[in-house]
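The block underneath contains the structure these notes are about, expressed in structure tokens.
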Amino acid sequence: MMHSAVGWHIELEFQEDDQQTRAAAMVRLPDGTEVRTRGHATRHHTDSNQPRVGEEVAAARALNELAMQLLTKAHDEIDQASGRTSHPIHV
């Protein structure tokens, strides 16, 4: 039996200022569907300015939301294909 290798590329973009970092995540699925999410991080005024840390937090939040949207999409597709309501998919 032959298996196909499939790859997905996730794009992350950041917008930053001295206090906040915003991340936008997007994945384009093989069926042409795009799933887009956002995440953010806010630096406490007493913390040192470490842009990489803000990016990591904002990216993690965006990717977490991306994961949840993909789980919901998969769950909906299972229900649609089976014609019944299935059990929720948990992380």
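In terms of the side-chain contact (heavy atoms from CB on, under 4.5 Å) criterion, H45 has no residue partners (sequence neighbours excluded). Residues forming a side-chain contact (heavy atoms from CB on, under 4.5 Å) with Q20 (at least two apart in sequence, or on another chain): D17, R22, T42. In terms of the side chain to side chain donor-acceptor pair (under 3.5 Å) criterion, Q19 has no residue partners (sequence neighbours excluded). Under the side-chain contact (heavy atoms from CB on, under 4.5 Å) criterion, D76 pairs with T72, not counting sequence neighbours. With sequence neighbours excluded, no residue forms a side-chain contact (heavy atoms from CB on, under 4.5 Å) with N64. Under the side chain to side chain donor-acceptor pair (under 3.5 Å) criterion, T46 pairs with H44, sequence neighbours left out.
Each salt bridge (charged side-chain N to carboxylate O under 4.0 Å, His left out) pair with one or both residues in residues 25-35, not counting sequence neighbours, appears once here: R28-E34, D31-K73, E34-R36.
Here F14 is tied into one hydrophobic group with V6, W8, I10, L12, V27, L29, V35, L63, L66, L70, each link being a pair of ILVMFWY side chains closer than 4.5 Å.
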Donor-acceptor contacts under 3.5 Å from residues 50-62 side chains, at least two apart:
residue	atom	partner	partner atom	Å
Q50	NE2	S48	OG	2.8
R52	NE	E56	OE2	3.2
R61	NH1	H40	O	2.8

